[in-house]
Q: 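The following block contains the structure, expressed as structure tokens.
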Amino acid sequence: MKSKNIDIWKIFSIFTFLSFLLFLVYPVLRLLIFSIYTPESGISFEQFSKIFSKPYYSETLLNSLKVSISATFLTMILATPLAYFTSFYEIKGKKLLNIIIIIASMSAPFIGAYSWILLLGRNGIITNFFSNFLNIKIPDIYGFGGILLVFSLQLYPLVFLYTKSALLNIDSTLMEASENLGCVGLRRFFKVIFPLIIPQTLASGLLVFMRCMSDFGTPMLIGEGYRTFPVLIYNEFVGEVGVDKNFASALSVVAVILTTAIFLIQKRLSEKNSYASNFLHPIDPKKSVGAKNILMHLYVYILVFLSILPQIYLIYTSFKKTSGKIFIDGYSLNSYRMAFSRMGTSIRNTIILPIIALVIIIIFSLIISYLVVRKKNFMNTAIDIMSMIPFILPGVVIGIALLQGFGNGFNGSNFMVLGGSIWIVIISFVIRRMPYTLRTSTATLQSIPIVIEEAAVSLGASKFKTFLKITVPMMTRGVISGAILSYVTLISELSTSVLLTNIKTRTMTVAIYTEVVRGNYGIAAALSTILTLMTVIALVIFTNYENKKSI
């Protein structure tokens, strides 16, 4: 009889709380400790003083802010008209364009950077075409301009998806009312439409900013003299010239403070610009004619083509013959043979490790969302807050924090050593990507009336059985939506994995990055194509599932 009185949700709550304390709070606290403490000098703020007193470090921080802010605004400028045109007007091939945009957004930014090196590098195909046939020297891909180009074309789909969702929810009666008052065209867009989509646009802008601030691979590959903060942190932690892990910890703390400040500012602006609407009359896309129609189609097609061009060319080069480290005339599957023979472990890890992490993410997301929505108390509120911390932590910072907490006895004080194992990689995956699934799960559960669960309990079902048999099936669509995003970002993860993996545990993204650095472009192209194929398969499975659910 006593077993029936056990509150299973209280046990889940305590277990989840302790898990966050152990695998998130503890590593971050150790990171903070190492930023202000060394055995030689004790507690000191010397590391932080060094960051802000030497122009080299402060300029690097400003570089990251400059490129991240510029990319955020440029993605908004590119994506907002795209979302507006495809929502309010009939665009030929709209469904196919949407699929291409999603595929373009799902690959890792550094893979886009590598592709653009092949196109616009010093020996790139476009660079050589302009030089040899038109006698025009165009700027190469390296430096600030190249990083901005890659970030903008890679990340504008995030803004597009959020903005389009907001535009499709606008009530058409507002458009009719503004038109009756003579407010049309650009004036209507800036006076009526744009204020309505500001919250979603800001939310997507935050995603872009965080991705840019935390991206390691793109500036590492094409930054050259343009230093960014993630690369600086990485070099200080594992650099070949000199390693200062305490200083790397201090740099990481500064990055956390900065991203947290940006997150709070965005949240405040979103709350200030929030609104409510009944959405009873959705927008009906209308047909446009004349020059306006041509210009809209040109804008949409050119932008989408530019965003998918790197992946198309990457797939093409994966089938080209190679001689040593260069491509030669003719086609071959040799790059794929070498990829599978030399990188088979990386391919297997990219399939197995994300799947294990995804199962854990789904289980925790279901439990946490229920605790946060249905079992509100102080501990569960704390769990909700802790679950969002990884969203504002750059990948390099999470990697360093986990190594500080669970590495191979850093400073000889770790009680649990996981460094070099698959488990530290899986833990990093779960920490970094759980927020995607958790947020959609929570939003879905909030939309499910609690009376449904109360009815099941009144008929004799236990609360936990009701959760498993009634609540979870109703949450499935929201959970799967978040899970697919978590999975796609898991298989393209680099910033954390490059620190935590070794020859036995490395994933395809780390292998691709390594081969690019070594100049083995054929193998890198083959691995990138395989990764793209895995992404497309995941999206197809998700789309088919959604279609079945809609029938």
Q: Say you draw a straight line from CG of L74 to CG of L78; how long is it, rounded to the nearest 0.5 Å?
A: 4.5 Å
Q: Search all heavy atoms of P230 against all heavy atoms of M213 and return the closest pair with its distance.
A: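 Of all heavy-atom pairs spanning P230 and M213, the closest is CG-O, 2.9 Å.
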Q: Look at the aromatic rings of Y299 and F85 and report parallel, tilted or perpendicular, splitting at 30° and 60°.
A: perpendicular
Q: Mind checking ring-ring contact (aromatic ring centres under 6.0 Å, His included) for F129 and listing every partner two or more places apart, or none if nothing turns up?
A: F133
Q: Specify the closest pair of heavy atoms between K164 and A83, including all atoms of both residues, with the distance to one decimal.
A: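 Between these two residues, the closest heavy atoms are N-CB, 3.8 Å.
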Q: Determine whether more than 12 heavy atoms belonging to other residues, nucleotides or ligands lie under 6.0 Å from atom CZ of F305.
A: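 No.
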Q: Take I328 and T322, measure what side-chain contact (heavy atoms from CB on, under 4.5 Å) needs, and give me the verdict at the end.
A: CA-CA 5 Å; I328 59 176; T322 57; 5.9 Å; no
Q: Does Q154 reach the side chain of S307, with side-chain heavy atoms less than 4.5 Å apart?
A: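 In short, these two side chains do not touch, never coming nearer than 4.5 Å.
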Q: Do other residues, nucleotides or ligands put more than 12 heavy atoms under 6.0 Å from the CG atom of D329?
A: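 No, the 6.0 Å shell around CG holds no more than 12 heavy atoms from other groups.
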Q: For L438 and T442, run side-chain contact (heavy atoms from CB on, under 4.5 Å): C-alpha distance rounded to whole Å, both residues' side-chain angles, the deciding distance at 0.1 Å, then the answer.
A: CA-CA 6 Å; L438 180 57; T442 302; 3.9 Å; yes
Q: Distance from I352 atom CD1 to T505 atom OG1, nearest 0.5 Å?
A: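 Going from CD1 on I352 over to OG1 on T505, the span is 12.5 Å.
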Q: Answer with yes or no whether the side chains of Y316 and Q311 bring together a donor and an acceptor at under 3.5 Å.
A: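 No, Y316 and Q311 have no side-chain donor paired with an acceptor closer than 3.5 Å.
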Q: Can you confirm whether T86 sits close enough to L97 that some side-chain heavy atom of one is under 4.5 Å from a side-chain heavy atom of the other?
A: no
Q: Quick one: closest heavy-atom pair of I355 and Y487, and the distance?
A: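 So the two residues come closest at CG1-CE1, 4.2 Å.
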Q: For I136, does its backbone N or O pair with a side-chain atom of S131 as donor and acceptor, under 3.5 Å?
A: no
Q: When the ring centroid of Y114 is compared with that of Y513, is the distance short of 6.0 Å?
A: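 Centroid separation for Y114 and Y513: 6.0 Å or greater.
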Q: Who are the ring-ring contact (aromatic ring centres under 6.0 Å, His included) partners of Y436, not counting sequence neighbours?
A: none
Q: Just jot down the ring-ring contact (aromatic ring centres under 6.0 Å, His included) partners of F340, sequence neighbours excluded, or say none.
A: none
Q: Any side-chain to backbone donor/acceptor pair from S288 onto E90? Under 3.5 Å, distance only.
A: no
Q: Using modelled atom types and a 3.5 Å cut-off, is there a donor and acceptor pairing between side-chain atoms of T259 and backbone atoms of I392?
A: yes
Q: Look at the side chain of K320 and the backbone N and O of S332, then say whether any donor-acceptor pair between them is shorter than 3.5 Å.
A: no
Q: Taking atom types as modelled and ignoring hydrogens, do the side chains of T317 and Y521 form a donor-acceptor contact shorter than 3.5 angstrom?
A: no
Q: Checking T350 side chain against M508 main chain: does a donor-acceptor pair fall under 3.5 Å?
A: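 Yes, because the side chain of T350 sits within donor-acceptor range (under 3.5 Å) of the backbone of M508.
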Q: Given side-chain contact (heavy atoms from CB on, under 4.5 Å), test Y301 with K92 step by step and report yes or no.
A: CA-CA 10 Å; Y301 290 157; K92 293 183 179 179; 3.5 Å; yes
Q: So does N123 get a backbone contact from the side chain of N128, meaning a donor-acceptor N/O pair under 3.5 Å?
A: yes
Q: So that I can tick it off, tell me whether E493 and R432 are bridged by a salt bridge, with the cut-off set at under 4.0 angstrom between side-chain N and carboxylate O.
A: yes
Q: Can you give me the closest heavy-atom contact between P219 and D215, atom names plus distance?
A: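 Smallest interatomic distance, heavy atoms only, reads CD-OD2, 3.3 Å.
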Q: Is there a side-chain contact between R374 and F467 in this structure, where contact means two heavy atoms from C-beta onward sitting under 4.5 Å apart?
A: no
Q: Between the side chains of E515 and R342, is the shortest nitrogen-to-carboxylate-oxygen separation below 4.0 Å, so that they form an ion pair?
A: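 Answer for the salt bridge query: yes.
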Q: Would you say F216 and T496 make side-chain contact, with heavy atoms under 4.5 Å?
A: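 Sidechains of T496 and F216: no contact.
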Q: Is there a side-chain contact between V397 and P394 in this structure, where contact means two heavy atoms from C-beta onward sitting under 4.5 Å apart?
A: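 Yes, close enough: below the 4.5 Å cut-off.
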Q: May I ask you to decide if I315's main-chain N or O and S318's side chain share a donor-acceptor pair within less than 3.5 Å?
A: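 Yes; at least one donor-acceptor contact below 3.5 Å.
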Q: Does S68 use its side chain to pair, donor to acceptor, with the backbone of L65 at less than 3.5 Å?
A: no
Q: Are D140 and T127 close enough that some pair of their side-chain heavy atoms sits under 4.5 Å apart?
A: no
Q: How about S346 and N349: does a side-chain donor come under 3.5 Å of a side-chain acceptor?
A: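 No pair is found: no donor N or O on one side chain lies under 3.5 Å from an acceptor on the other.
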Q: Check V208 against L155 and note the closest heavy-atom contact, atom names and distance.
A: CG2-O, 3.8 Å
Q: What distance do T228 atom OG1 and M220 atom CE have between them, rounded to the nearest 0.5 Å?
A: 9.0 Å
Q: Which atoms form the tightest heavy-atom contact between G205 and M76, and what is the distance?
A: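 Result for this residue pair: CA-CE, 3.5 Å.
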Q: Is there side-chain contact between T72 and L206, with at least one heavy-atom pair below 4.5 Å?
A: no
Q: Does the structure place the NZ or CZ of K321 under 6.0 Å from the centre of the six-membered ring of Y331, at an angle of no more than 45° from the ring's axis?
A: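 Judged by the rule, K321 and Y331 form no cation-pi pair.
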Q: Regarding K292 and Y89, do their side chains bring together a donor and an acceptor under 3.5 Å, going by distance alone?
A: yes
Q: Using distance alone, with no hydrogens and no angle criterion, decide if T437 and S486 have a side-chain donor and acceptor under 3.5 Å apart.
A: yes
Q: Distance-only, no hydrogens or angles: does the S341 side chain make a donor-acceptor pair with backbone N or O of M338 under 3.5 Å?
A: yes
Q: Supply the atom-to-atom distance M474 CE to I452 CD1, rounded to the nearest 0.5 angstrom.
A: 3.5 Å
Q: Measure the spacing between CD1 of I398 and OG of S497 and express it to the nearest 0.5 Å.
A: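 Taking CD1 in I398 and OG in S497, the distance rounds to 11.0 Å.
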Q: Measuring from L490:CG to F429:CZ, what's the distance to the nearest 0.5 Å?
A: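 So the CG of L490 and the CZ of F429 are separated by 6.0 Å.
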Q: Do T75 and F151 touch side chain to side chain, with heavy atoms closer than 4.5 Å?
A: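 They are not in contact (no side-chain heavy atoms under 4.5 Å apart), so the answer is no.
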Q: So does F160 get a backbone contact from the side chain of T163, meaning a donor-acceptor N/O pair under 3.5 Å?
A: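 Checking the backbone N and O of F160 against the side chain of T163, no donor-acceptor pair under 3.5 Å is found.
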Q: Determine, step by step, whether F73 and I69 satisfy the side-chain contact (heavy atoms from CB on, under 4.5 Å) criterion, reporting the C-alpha distance in whole Å, the side-chain angles of both residues, the deciding distance to 0.1 Å, and the verdict.
A: CA-CA 6 Å; F73 278 105; I69 293 172; 3.5 Å; yes
